[in-house]
Amino acid sequence: MASSTIPNTPLTLNSHTFVDLKSPFTLSNYLSFSSSKRRQPPSLFTVRASDSDFEAAVVAGKVPEAPPVPPTPASPAGTPVVPSLPIQRRPRRNRRSPALRSAFQETTLSPANFVYPLFIHEGEEDTPIGAMPGCYRLGWRHGLLEEVAKARDVGVNSVVLFPKIPDALKTPTGDEAYNEDGLVPRSIRLLKDKYPDLIIYTDVALDPYSSDGHDGIVREDGVIMNDETVHQLCKQAVAQARAGADVVSPSDMMDGRVGAMRVALDAEGFQHVSIMSYTAKYASSFYGPFREALDSNPRFGDKKTYQMNPANYREALTEMREDESEGADILLVKPGLPYLDIIRLLRDNSPLPIAAYQVSGEYSMIKAGGALKMIDEEKVMMESLLCLRRAGADIILTYFALQAARTLCGEKR
């Protein structure tokens with residue numbers, strides 16, 4: 001057996017030749033000792049050199065071996081030889097490795113940031129939505145529970161419900177919206193019975209229940225009636241709260257509805273129920289696939305008299321201040337990615353949590369681009385969500401919630 005020459009290698013000593021561990025022991029003896037000098041040692045034990053022994057060896061010039069300095073990587077042929085630029089600050093230094101980029105990342109994305117929009121209907125089967133690949137009208141008894149279970153498995157514990165109401169139940173005044181045995185209240189009770197800690201957001205608006213397809217009651221001359229609509233919305237919010245909703249979300253854009261809703265909820269003992277106001281909801285062309293999912297297109301006209309003009313920026317501040325003063329708990333911007341400036345505007349001017357809705361058109365464009373191999377669907381999905389967070393959104397309503405959360409969980413593993 002060869003003598004040990006590596007300082008940090010355990011050394012086996014013979015007790016007949018080295019019994020007293022307190023006796024003088026030098027590193028030179030340690031390095032030169034050979035266990036081959038004894039044919040059959042009666043007892044063995046291991047001794048390691050102390051830190052001071054190693055330090056003494058280094059001081060004496062016996063430096064342990066280590067990998068050499070790595071060579072300078074070669075440049076490709078034809079690279080010009082130039083002097084270094086005389087710059088002190090090189091931001092790329094903080095981006096040169098995955099570890100550094102991760103350490104200095106300013107914005108993070110987590111499944112806890114997602115609210116999962118789910119379409120529900122009275123049927124038993126889950127019906128695919130043609131304009132929204134991967135999305136379904138879920139049967140409220142089974143499909144809904146299964147989809148929520150999948151989301152919870154990857155850390156998404158917040159959902160928002162959107163109902164497909166049978167045409168026979170739609171009326172000009174949308175009375176089905178506050179039927180306490182209607183599709184949404186039944187679904188809330190079912191979910192809360194199965195998952196008591198699930199956070200349930202609801203949509204407060206008349207368009208799924210209206211025979212006219214508008215968010216409010218329509219007068220014979222086509223005017224959307226504001227105060228009368230707010231009266232109906234308050235009854236809808238109370239019915240949802242009574243079923244167990246955690247957050248009611250008025251998306252109608254009627255004036256004064258947040259304050260009226262807060263009064264109505266408090267009067268019924270639902271002071272604990274939050275209001276997420278659709279503060280800056282624009283009259284956007286990105287909503288098309290959603291309206292197919294709920295079969296809720298307006299029977300005539302458009303929604304420009306109550307939803308905001310996409311050309312307007314400062315107007316969002318007016319809506320924000322009204323909602324804050326009326327008691328909103330969360331402020332939402334819709335759509336999301338085309339309105340990053342509005343998200344940032346609200347973030348910079350309000351202490352309240354900000355929500356962003358990555359709407360159906362945004363979702364479907366990414367899906368279509370991915371299917372046609374024009375983009376990397378997963379990377380674009382994750383980038384778009386990260387951008388919404390960077391702009392200032394605390395939570396994101398997104399149809400990608402389950403897919404994105406699975407991606408995040410895969411990255412962590």
Side-chain angles (χ1 to χ4, degrees), residues 1-113 153-155 376-387 389-390 404-413:
M1 181 176 177
S3 298
S4 173
T5 59
I6 303 174
N8 60 352
T9 300
L11 179 66
T12 302
L13 301 178
N14 188 298
S15 62
H16 286 288
T17 59
F18 195 79
V19 176
D20 184 6
L21 292 177
K22 295 182 179 179
S23 60
F25 176 66
T26 65
L27 186 63
S28 59
N29 290 336
Y30 167 50
L31 294 175
S32 62
F33 179 81
S34 173
S35 61
S36 63
K37 294 178 181 178
R38 294 291 178 181
R39 283 179 274 182
Q40 292 184 343
S43 60
L44 301 175
F45 54 90
T46 300
V47 175
R48 290 183 182 273
S50 67
D51 289 348
S52 59
D53 293 326
F54 287 110
E55 291 173 358
V58 171
V59 171
K62 297 179 180 178
V63 180
E65 289 186 6
V69 175
T72 301
S75 302
T79 300
V81 178
V82 299
S84 295
L85 293 174
I87 52 178
Q88 296 296 318
R89 181 75 59 199
R90 290 180 181 261
R92 288 185 57 191
R93 284 194 284 260
N94 290 342
R95 301 195 292 262
R96 70 181 185 273
S97 73
L100 285 172
R101 291 193 296 272
S102 178
F104 304 134
Q105 183 167 317
E106 299 172 26
T107 305
T108 59
L109 193 62
S110 160
N113 300 129
D153 283 345
V154 287
D376 184 314
E377 178 185 316
E378 182 177 292
K379 290 182 178 179
V380 172
M381 168 188 72
M382 298 306 291
E383 182 179 342
S384 67
L385 294 169
L386 191 65
C387 290
R389 286 276 293 142
R390 188 195 66 228
R406 284 173 169 168
T407 299
L408 288 168
C409 289
E411 288 175 355
K412 290 176 183 176
R413 283 197 296 268

- Query: Just by modelled atom types, is the A99 backbone N or O under 3.5 Å from a matching donor or acceptor in the S102 side chain?
  - Reply: no
L85 and R90 have their tightest heavy-atom pair at O-NH2, 3.4 Å
Within-4.5 Å side-chain heavy-atom neighbours: T107 and C387
no
In this structure, CZ of R92 is separated from CG of L100 (nearest 0.5 Å) by 13.0 Å
Tell me if a side-chain donor or acceptor on R101 pairs with a main-chain N or O of R95 at a distance below 3.5 Å.
yes
Of all heavy-atom pairs linking A404 and M381, the shortest is CA-CE, 3.8 Å
Output for pair (T407 OG1, E378 CD), nearest 0.5 Å, gives 3.5 Å
CD (Q105) and CZ (R390) are apart, to the nearest 0.5 Å, by 11.5 Å
Taking every heavy atom of L408 against every heavy atom of P111, the minimum-distance pair comes out as CD1-CD, 3.7 Å
Q. Strictly by modelled atom types, are N113 and S110 linked by a side-chain donor-acceptor pair under 3.5 Å?
A. no
Any donor-acceptor pair under 3.5 Å from N94 side chain to P91 backbone = no
Report task. Take atom CD of E377 as the centre, draw a 6.0 Å sphere, and report whether it contains more than 12 heavy atoms from other residues, nucleotides or ligands. Result -> yes
